[in-house]
Amino acid sequence: MNLRILIFFTVAAIGILPLTLFLLFNLPSSIHQLELAAQQETEARSRIHFSNLNSRISGLEEGIRRLAAVPVSRDVVGLGGEDELLRRRLTSLVAGWFDDNEQFREAQFIDLVGNERFGMVRQGPEMLPVARDALKDLERTPAFLIGLHLQPGEVFVGVSSNGGEAGDDLFMVTPVSGPAGAVTGLLVLLVELPVFLADFHDAFWVLGDGRLVHLAPGVGESPALPAQVSDPAEEGTDEPFIQSVADRQFSWLPLSFNKGYRPTMWVGRPVDLSSGQQWKSSLFKKLALIVTATALLVFGLAHFITSRLMLVRQEILVGLDQLLNHGRPARFSWQGPAELSNLAADLGQLGDLYLQTRKARRQAEAARLESEEKFRNLTESAHDAIVFMDDNGDITYWNKAAETFFGFSAAEALGQPIHALISLQRGDGGEDVTAPTASGQLDEMLELSATGKDGQEISLELSLSATSINDRWHAIWIIRDISERQRAAAEALLQQQQLVQADKMISLGLLVSGVAHEINNPNSIVMLNTPLIQRAWQSVLPILDEFYEDNGDFLVAGLEYSEMRGQLDRLCDEIEEGSRKIKGIVLDLKDYARQESTARQEELDLNEVARAAVRLTRNVVKNASHHFRLELAAKLPAIRGNMQRLEQVVINLIQNSCEALSGPEKGVVVRTGFERGQVFLQVEDEGCGIDRQDLSKVCDPFYTTKRSLGGTGLGLSVSAGIVKEHNGLLEFSPRPGGGTIALLAFPVAQEEE
């Protein structure tokens with residue numbers, strides 16, 4: 001038998017269909033009958049409450065009429081409440097009438113212009129008079145405005161916003177008339193709505209204008225008010241009525257305090273449907289019992305079917321274990337519906353097919369694993385970084401060398417776009433290298449620079465090629481770090497340039513020595529002949545003087561003898577002094593250019609080093625600045641060093657300062673001194689200065705800002721090496737106001753020893 005037919009007959013035998021039809025046809029009518037009975041009961045109860053409320057209203061109206069008719073009320077209103085005896089009588093009268101009636105909150109006696117002449121307010125259980133200075137102006141209150149239109153003995157009941165639980169009070173107003181029947185004032189009694197309607201605390205209170213002032217507790221949101229209550233323009237009704245809102249019903253009572261007027265208030269109460277609820281609860285319990293019995297029956301049937309299915313499941317699991325874990329064929333044989341027999345045959349055929357597929361897949365998997373293992377061993381042992389990128393630009397392989405080069409682990413790199421991890425730029429032009437695509441040619445070798453995870457720049461050589469993996473295009477990046485190779489090439493170039501510069505300096509030294517010799521020869525003749533000329537002049541002076549006295553003035557070399565006689569000695573002295581200066585400069589140049597086999601060090605005076613350097617750079621300084629100063633400290637301690645090498649350092653600093661000046665109006669100061677146990681020389685200029693970020697690089701080899709002017713960038717580098725040989729210090733700092741301060745400092749000779 002078919003399984004679905006078996007389940008169908010089983011469920012039909014239980015009788016679900018008859019039970020469902022019974023509930024559909026009988027349950028709604030029964031519930032309606034119960035709700036109708038509850039509605040009729042609520043209407044009857046509402047009419048009883050309606051009669052009780054009207055009786056209470058009539059009693060309140062009679063009380064205010066009586067109070068307004070007593071003579072003491074008329075006298076208090078007419079005399080303005082000034083007579084203390086009348087005030088005490090009226091206080092005693094009102095207290096006697098209203099102390100026990102807690103629904104009265106306040107009594108007000110008002111004259112015809114709206115001034116309160118006398119008032120009493122409930123404080124606790126008693127009604128107490130209001131102090132005279134606390135009496136109010138009630139000219140604009142609804143009670144006063146309505147009371148002006150009332151006839152003697154007529155009472156009007158209304159609602160005003162003066163307090164109460166919802167911010168509203170019930171007020172009663174009636175005229176106070178004199179002996180002749182003329183109205184002399186008004187009497188207003190304020191009634192506490194919560195006390196007056198204490199029996200209706202579980203109801204909704206709605207004013208005649210449709211405003212809701214009290215919610216029934218525990219009912220939830222207020223119902224939508226019907227037209228009889230909410231629309232003031234509607235005439236409405238003064239009879240109780242029932243309102244249905246969704247699945248709830250409310251009974252509304254009109255409170256018509258004034259004849260000929262619309263109801264002043266409506267009181268709505270939820271209809272008590274508890275009896276219907278009890279009946280429905282009982283019905284639902286019986287239905288639950290029936291459903292439980294039905295569920296037990298169905299559960300028994302389900303248990304039987306489930307037991308059969310569990311046996312089938314167990315056989316399937318055993319068969320799958322034979323197939324998947326042991327590789328043996330599985331056979332299934334089940335008795336029952338045709339579906340189970342067909343399923344057993346199909347599962348047996350699928351098992352045989354799976355065993356064949358499994359054998360072929362294992363052979364292919366073994367070959368693939370062997371190939372992958374060889375590839376992984378090869379790439380992981382390579383010193384070059386090997387990276388695979390798919391057609392989306394994402395990294396699919398990242399070997400150990402790539403982790404070392406760029407700092408990213410394989411977990412961080414796999415699946416990420418390659419340019420999101422490393423930034424590649426061409427080494428020649430500095431332009432960014434974009435990721436290759438499947439349509440581009442990938443058979444090239446590039447030299448690039450890259451930035452790794454730590455931000456350090458790496459020079460590398462990149463080989464690009466393409467392949468297909470699992471029918472998808474992949475780019476193969478083979479990356480080799482060439483930073484060390486480039487560094488070695490740079491060092492070799494640096495050494496070559498230093499050798500060239502050293503060779504230039506040697507050639508310059510030889511040239512200076514030859515030029516100095518050529519200058520010394522004619523300068524020696526000048527130095528020897530100038531004193532002879534001066535002595536010859538002194539010898540002929542007496543003869544010339546005698547000729548001058550006899551014949552008067554005459555010309556000598558275009559000048560009159562009287563002028564020439566005093567000038568020639570001075571000219572000879574200047575020639576001799578200039579010759580001595582030429583000799584000193586030549587000696588300084590020969591000392592500066594002299595090649596020594598060893599860097600001989602001796603005790604020397606730093607002031608002498610400064611003077612010699614200034615003499616050699618006098619022409620450079622004269623052309624560069626009109627404000628050059630040499631400030632030498634007296635009695636400097638001696639330092640140990642090589643005079644020639646230190647002169648080279650100071651000359652370099654003076655030349656750099658002169659070249660930094662923007663015009664001759666800027667100054668240069670060279671000063672020496674002794675401070676903190678060190679002898680120092682300072683060169684201060686008012687030039688363009690050095691950027692703070694470049695201060696640490698000024699002594700690097702080949703660093704120069706004057707490349708276009710022929711600068712090599714070796715002057716300060718060589719100077720720094722010379723200072724280091726002398727255990728000294730060379731520092732550069734910005735000068736306040738613009739310019740640079742170069743400081744040379746050396747230990748004292750005794751301290752160094």
Side-chain angles (χ1 to χ4, degrees), residues 494-495 497-498 501-502 505 508-509 588 591-596 598-617 620 630-633 636-660 668-685 687 689-690 694-706 711-735 739-753:
L494 173 62
Q495 291 173 359
Q497 291 175 340
Q498 289 176 340
Q501 183 66 18
M505 294 301 293
L508 179 61
D588 289 338
D591 289 341
Y592 180 72
R594 183 176 63 249
Q595 297 185 14
E596 298 184 0
T598 59
R600 180 174 56 87
Q601 292 191 357
E602 58 187 1
E603 289 191 6
L604 52 88
D605 186 358
L606 192 58
N607 284 343
E608 291 300 324
V609 176
R611 291 190 187 96
V614 170
R615 286 196 301 269
L616 290 174
T617 58
V620 175
L630 179 62
E631 301 175 358
L632 302 179
L636 283 181
I639 63 172
R640 291 190 64 82
N642 184 282
M643 183 76 173
Q644 179 187 6
R645 287 179 176 269
L646 294 183
E647 281 182 21
Q648 180 180 350
V649 174
V650 179
I651 289 172
N652 198 329
L653 296 178
I654 295 175
Q655 287 178 338
N656 287 344
S657 295
C658 291
E659 291 171 356
V668 177
V669 179
V670 178
R671 63 170 60 92
T672 59
F674 177 72
E675 190 178 76
R676 298 179 183 176
Q678 287 188 322
V679 180
F680 70 87
L681 182 144
Q682 183 174 293
V683 180
E684 178 179 342
D685 66 72
I690 304 174
D694 295 335
L695 286 175
S696 60
K697 300 185 292 184
V698 294
C699 292
D700 292 348
F702 304 107
Y703 176 80
T704 178
T705 59
K706 300 174 289 185
T712 62
L714 291 173
L716 290 179
S717 175
V718 174
S719 298
I722 294 173
V723 173
K724 186 176 181 181
E725 290 176 1
H726 288 73
N727 297 323
L729 174 69
L730 175 59
E731 286 185 346
F732 295 88
S733 61
R735 175 183 175 274
T740 307
I741 299 175
L743 177 66
L744 275 173
F746 301 97
V748 178
Q750 294 179 352
E751 295 181 0
E752 185 181 8
E753 291 174 359

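These values consider heavy atoms only, across backbone and side chains, with no hydrogens, waters or symmetry-generated copies.
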K.L.:
What heavy-atom pair brings P747 and I639 nearest, and what distance separates the two atoms?
P.N.:
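Reported closest heavy-atom pair: O-CG2, 3.6 Å.
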
K.L.:
When rounded to the nearest 0.5 angstrom, what is the spacing between CG in D605 and CE in M643?
P.N.:
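If we round to the nearest 0.5 Å, D605:CG and M643:CE are 8.5 Å apart.
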
K.L.:
Ignoring hydrogens, what is the shortest heavy-atom contact between G728 and F746? Give both atom names and the distance.
P.N.:
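G728 and F746 have their closest heavy atoms at CA-CD2, 3.8 Å.
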
K.L.:
Determine the minimum heavy-atom distance between S657 and V668, stating which atoms define it.
P.N.:
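What the structure gives for the nearest pair is CB-CG1, 4.2 Å.
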
K.L.:
Nearest 0.5 Å, what's the CD-CD1 distance between E647 and I722?
P.N.:
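Taking CD in E647 and CD1 in I722, the distance rounds to 11.0 Å.
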
K.L.:
Roughly how far apart are L744 CG and E731 CD, rounded to 0.5 Å?
P.N.:
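If I round to the nearest 0.5 Å, the distance is 10.5 Å.
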
K.L.:
When you compare the side chain of R735 with that of D685, does any pair of heavy atoms fall below 4.5 Å?
P.N.:
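With C-beta onward as the side chain, the pair stays apart.
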
K.L.:
Give the C-alpha distance, both sets of side-chain angles, the deciding distance and a yes or no for side-chain contact (heavy atoms from CB on, under 4.5 Å) between Q648 and I651.
P.N.:
CA-CA 5 Å; Q648 180 180 350; I651 289 172; 5.9 Å; no

K.L.:
Look up atom CZ in F680 and atom CG in L743, then write down how far apart they are to the nearest 0.5 Å.
P.N.:
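Here the rounded value is 7.0 Å.
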
K.L.:
Working to the nearest 0.5 Å, report the span between CZ of R611 and CG of L606.
P.N.:
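Result: 10.5 Å between the selected atoms.
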
K.L.:
How close do V723 and L730 get, heavy atom to heavy atom, and via which atoms?
P.N.:
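Closest heavy-atom pair between V723 and L730: CG1-N, 3.9 Å.
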
K.L.:
Closest approach of T672 and A610, non-hydrogen atoms and distance?
P.N.:
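Closest heavy-atom pair between T672 and A610: CG2-CB, 4.5 Å.
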
K.L.:
Assess whether side-chain contact (heavy atoms from CB on, under 4.5 Å) is satisfied between V649 and R645, documenting all intermediate values.
P.N.:
CA-CA 7 Å; V649 174; R645 287 179 176 269; 5.9 Å; no

K.L.:
Can you confirm whether H726 sits close enough to N642 that some side-chain heavy atom of one is under 4.5 Å from a side-chain heavy atom of the other?
P.N.:
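Yes; the side chains approach each other to less than 4.5 Å.
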
K.L.:
As an exercise, state the distance from NZ of K724 to CG of L729, rounded to the nearest 0.5 Å.
P.N.:
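It comes to 12.5 Å.
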
K.L.:
Heavy-atom distance under 4.5 Å between the side chains of L646 and L604, does that happen here?
P.N.:
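In contact.
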
K.L.:
Looking at every heavy atom in both A633 and N607, which two are closest together, and how far apart are they?
P.N.:
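For A633 versus N607, the nearest heavy atoms are O-ND2, 2.8 Å.
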
